[in-house]
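Written out below as structure tokens is the structure these notes cover.
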Amino acid sequence: MICTSTAVQKNVERLLQAQVDYLKDRLGVSRLVLPIFPVIPLGIHTQDFAFTPSQQAAARARLAVDENTLVVLFMGRLSFHAKAHPLAMYQALEAAATTTGKRVVLVECGWHANEPIAKAFADAAQLACPSVRVITLDGRKEADRETAWASADVFCSLSDNIQETFGITPIEAMAAGLPVVVSDWDGYKDTVRDGVDGFRIPTLMPQAGLGGDLAVRHALEIDTYDMYCGHTCSLVAVDVEATAKAFVQLIQSPELRRRMGDAGRARARQVYDWGAIIPQYENLWAQLSERRHASAKDLAPLAHPWPARMDPFESFAGYPTRTLTPETLLSLTDANVSLALQRALAYRRLMMVDFAKLVLPTEDEMRTVLQTAAAMPRPAAELVGPLPAERQAFAFRSLAWLVKLGVLKLG
């Protein structure tokens, strides 16, 4: 089971271990085999995020931003309940702008699910960061995304939501040469080196044992999944003061922005470009192949390899009067093979028969079976004996179909 980050790997391990513990406690299960959980991150085409100085200047001109203004970019869905609650970012930007006296523009490039959510973002920004100019671009439009990436000086994503597992926008920002300010949360812990590519801001969550009611409300469908995520993230905090300090440092030091941006760009190209990610999948495939070959000789075939989808002729074996076996005696109903085959083909043309053509034998297979059955009652296994080995099992079960049509009979 491939996990995109260490954080989600731990999450899956906890979920499965909880199920293991439950089965041990309730049923006394003593042996359980769990999958392995390799971590392979998502990848990007890093060259898609390389912008020339002229492209950067044109993007800033489109936003009416001069060279003395710092542009901070948030890229992603604009959802306070299912992505990243913006209040910490708004408060920190206001504090940083006030402290430094620098003009700050926040570009939120994404989309709101509906008008009430859009209004909620606007109201929160007006209240929490009145000194910061906020520009909203449509993240569903390629031109707007390019303007956002090319115009930015700093990237920010303070994700606080449990539905997040990796978070691809920080590595896109790194590929664009932007220093990043992110929450110390989920996959960001793996991708962003604190103090090197940017800043990872501390987060706080209640201890285990205090959220059972949220899980039960979701399980009972009192709350939708969106509300479950929203209630949970409302109790997750991102350190506003630490975020403000990170912004202040980046605002005051163009050299720090350049150094962190260069480090992030190099990391994105070396670690997160698809050219670096795909070989990790290929190495995993090779390792799994070796494990399969090494253990194949020790593994006995399972009687029921997929119990949830058993062979219907086994799971319903108690239904019929008799079971067709290799020893079951069968014979022709008609006087000769030609008449029997003619009748079988006529029945086969009926829609109520031909609908099941997936399980029906070919005309040549029917002819061979009927010719073999012509002399006297014969064991079912002998009727399919003349057929190619790879078709015998298929034709054998089709004998029941020929009995169904009245072309063959028992005994």
Should the pair [X]-[Y] be classified as a salt bridge under the 4.0 Å nitrogen-to-oxygen rule?
| X | Y | answer |
| --- | --- | --- |
| Arg200 | Asp194 | no |
| Arg259 | Asp262 | no |
| Asp239 | Lys245 | no |

[X] vs [Y] side-chain heavy atoms within contact, under 4.5 Å:
| X | Y | answer |
| --- | --- | --- |
| Met1 | Leu34 | no |
| Tyr225 | Gln163 | yes |
| Leu329 | Pro379 | yes |
| Leu370 | Leu408 | yes |
| Leu330 | Leu324 | yes |
| Leu402 | Met366 | yes |
| Leu288 | Ile36 | yes |

Please list all pairs meeting ring-ring contact (aromatic ring centres under 6.0 Å, His included) that have one or both residues in residues 77-107, counting only residues at least two apart or in different chains.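 Listed once each, the pairs would be none.
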Counting only N and O atoms by type, is there a donor-acceptor contact under 3.5 Å from the side chain of [X] to the main-chain atoms of [Y]?
| X | Y | result |
| --- | --- | --- |
| Glu164 | Lys83 | no |
| Asn11 | Arg14 | no |
| Trp185 | Leu158 | no |
| Arg257 | Leu250 | yes |
| Arg343 | Gly406 | yes |
| Ser289 | Trp285 | no |
| Asp144 | Gly139 | no |
| Ser5 | Thr165 | yes |

Step by step, work out the side chain to side chain contact (heavy atoms under 4.5 Å, CB included) result for Leu214 and Tyr228. CA-CA 6 Å; Leu214 304 182; Tyr228 170 58; 4.2 Å; yes
Side chains of [X] and [Y], donor plus acceptor under 3.5 Å:
| X | Y | value |
| --- | --- | --- |
| Thr52 | Ser54 | yes |
| Arg267 | Tyr272 | yes |
| Gln17 | Asp21 | yes |
| Asp66 | Thr69 | yes |
| Ser157 | Tyr188 | yes |

Minimum heavy-atom separation for [X] and [Y], please, with both atom names.
| X | Y | value |
| --- | --- | --- |
| Met174 | Thr191 | CE-O, 3.6 Å |
| Cys3 | Phe37 | SG-CB, 4.2 Å |
| Thr203 | Ser183 | CG2-CB, 3.8 Å |
| Val154 | Leu178 | N-CD2, 4.4 Å |
| Leu360 | Asp354 | CD1-CA, 4.5 Å |
| Thr100 | Val248 | CG2-CG1, 4.0 Å |

If the plane angle is over 60° it's perpendicular, under 30° parallel, otherwise tilted; pick one for Phe316 and Tyr319.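 Ring orientation of Phe316 relative to Tyr319: perpendicular.
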Could you grab the distance from atom [atom1] of [X] to atom [atom2] of [Y], nearest 0.5 Å is fine?
| X | Y | atom1 | atom2 | answer |
| --- | --- | --- | --- | --- |
| Ile251 | Thr99 | CD1 | OG1 | 8.5 Å |
| Leu93 | Leu70 | CG | CG | 8.5 Å |
| Met75 | Glu108 | CE | CD | 11.5 Å |
| Asn114 | Ser79 | CG | OG | 9.5 Å |
| Arg258 | Met260 | CZ | CE | 12.0 Å |

With a sphere of 6.0 Å drawn around CD of Glu241, does it hold more than 12 non-hydrogen atoms of other residues, nucleotides or ligands?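 Incorrect, the count does not exceed 12.
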Using side chain to side chain contact (heavy atoms under 4.5 Å, CB included), reason through Val105 and Leu63 one step at a time and then give a plain yes or no. CA-CA 10 Å; Val105 167; Leu63 299 181; 5.9 Å; no
Going by the ring pair (Phe, Tyr, Trp, His ring centres under 6.0 Å) test, name the single residue among Phe74, Phe49, Phe51 that passes it with Trp149.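 Of the listed residues Phe74, Phe49, Phe51, the ring pair (Phe, Tyr, Trp, His ring centres under 6.0 Å) partner of Trp149 is Phe49.
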Quiz: residues 115-132 side-chain donor-acceptor pairs under 3.5 angstrom, not counting sequence neighbours:
unit_1: Lys119; atom_1: NZ; unit_2: Asp123; atom_2: OD2; d: 2.8
unit_1: Ser131; atom_1: OG; unit_2: Glu94; atom_2: OE2; d: 2.8

Begin from the C-alpha positions of Lys102 and Phe247 and carry the test side chain to side chain contact (heavy atoms under 4.5 Å, CB included) through to its verdict. CA-CA 11 Å; Lys102 185 83 170 181; Phe247 282 138; over 6 Å; no
